[in-house]
Protein chains: 2
Amino acid sequence: MSDPTPKKPSRIQMRNRRLILDSALDVFSRDGYGGATLDAIANGAGLSKPNLLYYFDGKNEIYVTLLSQLLETWLDPLIELNPDGDPVEELLGYVRLKLDMALELPAESRLFAGEMLQGAPRMAEHLKDELKPLFDQKCKAIQDWIDAGRLAPIDPAHLIFSIWSTTQHYADFGVQVAFLLDNADPAKGAQQHLEQMFRKLLQPIQQ
Amino acid sequence: MSDPTPKKPSRIQMRNRRLILDSALDVFSRDGYGGATLDAIANGAGLSKPNLLYYFDGKNEIYVTLLSQLLETWLDPLIELNPDGDPVEELLGYVRLKLDMALELPAESRLFAGEMLQGAPRMAEHLKDELKPLFDQKCKAIQDWIDAGRLAPIDPAHLIFSIWSTTQHYADFGVQVAFLLDNADPAKGAQQHLEQMFRKLLQPIQQ
DNA sequence: TCGTTGCTTTACCAAATGGTAAAAATTTAG
DNA sequence: CTAAATTTTTACCATTTGGTAAAGCAACGA
């Protein structure tokens, strides 16, 4: 009575909305928001365009739905960062997780990157509500570790930026990386390099 | 006689091609290739659309011209990397230069990032001819430094990826960075953080 | 079995977009 | 000053694109 959409989705709805979002991820991440077309998305989902528009109100709604669903997955590893664990190992674990995500879900990473590149015009709200509080909270946790002498003194915010950028690079610039590495698998080298780099950065001076 | 376009461009040509490319940089970097329109570019340049098409053969030619001109500027700092200089200082200098470029030319950085995100469909040739040889050459130079014990043992290719990703992050994800830093200027913090990180990574063990 | 609801298709449409033809205006060279 | 060359405008056009209306079809509860 109070809920504007009380009906639970049917099996067909579940299936088709999933098909559409899967196809949309392909198309949006490959062609960008502006380059993506409803025809391409409908085609990839195996539906007609009007049929697609039966499930979503328009291009923008598909895109926003996709991004906000993805944001959860994306922020999950950061949420897992445990203030009660060992600082260096917690952060190195986070690096490892983010790298794995970049390597296994490159389309998702590129979708976010594309939105950010354009100034996040369609995501600003979500970022404010979900990303910012989490970011501030984790910065504070890292600062506490530093204050306790359990971590080298670093700027928490820029540390997080460095983790994000270095790991996501393997997804967002994946074509370039593959090309420059002569199509060798980047996974192992990346893992070792990032582990080495962040371990050196984070390790507090032993006394 | 052999040159297919021997005529040197008039002053008007120089001016208008420059106006168009400047506007195109704005539009392409903001809206992506697919989202950019000739009308928007023409508008930004203060020309009519047909007038714009008098100077360039089409949307694609504007885009490719822009990117290939930019590639030079972009690779310049890497070219400057001097194998005869001090390894750590040379590489830290490169980091500084790349960061300065990201902060001062964010639109250029985003334009490249957008092209890479989409798999560099319109830049593959240029990358093969200009980027790859330079990259291989500099990787070898870094490896020589390592072999001479003047640099910590790191994977040169992944080192370069880390430098690119961390510095360009401040341009490509500039909106996110500004938002998460509460619109504080990221320049100084970024500079200090990256210097600290790469110095620790690169410094060979003293004996 | 019948009617209601939910899903899909067919047939469209208006606006936007990349691009062209050719006339008009302007600049430049002699 | 004039004629040729260059530059700009006006008037178009075909295609693509996001989106709609409404009819047809399928599923399901009573």
Side-chain angles (χ1 to χ4, degrees), chain A residues 1 3-67 114-115 118 121-122, chain B residues 3-67 114 118 121-122:
Chain A
M1 197 155 258
D3 193 343
T5 51
K7 281 280 177 56
K8 63 179 172 188
S10 70
R11 230 166 297 120
I12 293 180
Q13 290 229 13
M14 296 279 279
R15 176 174 55 88
N16 282 348
R17 286 180 71 95
R18 180 74 357 238
L19 281 172
I20 291 166
L21 290 174
D22 286 349
S23 172
L25 173 62
D26 278 357
V27 174
F28 280 126
S29 69
R30 178 163 35 84
D31 301 333
Y33 183 84
T37 68
L38 291 181
D39 280 301
I41 296 172
N43 230 319
L47 300 172
S48 67
K49 188 169 54 172
N51 199 179
L52 181 152
L53 286 163
Y54 173 76
Y55 291 100
F56 289 93
D57 269 352
K59 184 177 177 176
N60 197 66
E61 203 204 283
I62 300 176
Y63 183 78
V64 170
T65 303
L66 190 58
L67 270 172
E115 174 67 9
Q118 311 203 344
R122 288 167 268 263
Chain B
D3 194 341
T5 51
K7 281 279 179 59
K8 65 178 172 188
S10 70
R11 228 164 300 121
I12 293 178
Q13 292 232 11
M14 296 279 279
R15 176 173 55 87
N16 282 349
R17 286 180 70 96
R18 180 67 7 230
L19 282 173
I20 291 167
L21 290 175
D22 286 348
S23 171
L25 173 62
D26 278 355
V27 175
F28 280 127
S29 69
R30 176 164 36 83
D31 300 334
Y33 183 84
T37 67
L38 291 181
D39 280 300
I41 297 171
N43 230 318
L47 300 171
S48 67
K49 187 169 56 173
N51 198 181
L52 180 151
L53 287 163
Y54 172 78
Y55 291 100
F56 288 94
D57 269 351
K59 185 177 177 176
N60 197 66
E61 203 202 285
I62 300 175
Y63 184 77
V64 171
T65 302
L66 190 58
L67 270 173
Q118 312 204 342
R122 289 165 268 263

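Basis for what follows: all heavy atoms, side chains included, without hydrogens, waters or symmetry-related copies.
If you check every strand for non-hydrogen atoms under 4.0 Å, A:Ala36 touches sugar and phosphate atoms only. Residue-level contact check: B:Ser48 touches the bases, meaning some heavy atom is under 4.0 Å from a base atom.
Checking C:dT28, D:dG18, C:dG18 against every side-chain atom of B:Leu38, the shortest atom distance belongs to C:dG18. Side-chain proximity of B:Lys49 to C:dC7, D:dG19, C:dG19: nearest is C:dG19. Which of D:dT8, C:dA21, C:dT10 sits closest to the side chain of B:Pro50 comes down to C:dA21. The side chain of B:Gln13 sits closest to D:dT7 out of C:dT8, C:dA11, D:dT7. Out of D:dT17, C:dG19, C:dC7, the shortest distance to the side chain of A:Ile12 is found at C:dC7.
By the 4.5 Å heavy-atom criterion applied to side chains, B:Ile12 and B:Asn16 are counted as neighbours.
Separation of atoms OH (A:Tyr33) and CD1 (A:Ile62) is listed at 9.0 Å; rounding is to 0.5 Å.
Geometrically, A:Lys49 does not engage A:Tyr54 in a cation-pi contact defined by less than 6.0 Å to the ring centre and at most 45° from the axis.
Atom CG in A:Leu47 sits about 16 Å away from atom C1' in C:dT10, given to the nearest Å. In this entry the distance linking CD of B:Glu61 with P of C:dG18 reads 15 Å, nearest Å. Here D:dT7 presents its P atom at 14 Å from CG of B:Leu19, a figure rounded to the nearest Å. Rounded to whole Å, atom P of C:dA29 lies 9 Å from atom CZ of B:Arg11.
Comparing B:Asn16 and A:Tyr33, the nucleotide of DNA chain D nearest to each residue sits closer to the 5' end for B:Asn16.
A salt bridge is defined here as a Lys NZ or Arg NE, NH1 or NH2 lying under 4.0 Å from an Asp or Glu carboxylate O, and B:Asp22 with B:Arg18 meets this definition.
In terms of phosphate contacts, B:Tyr54 brings a side-chain nitrogen or oxygen within less than 4.0 Å of OP1 or OP2 of D:dT7. When the side-chain nitrogen and oxygen atoms of A:Asn51 are compared with OP1 and OP2 of C:dT9, one or more of them lie within a distance under 4.0 Å. Residue B:Tyr55 places at least one side-chain N or O under 4.0 Å from the OP1 or OP2 atom of D:dT8.
Ring planes of B:Phe28 and B:Tyr63: perpendicular class, angle over 60° (limits at 30 and 60°).
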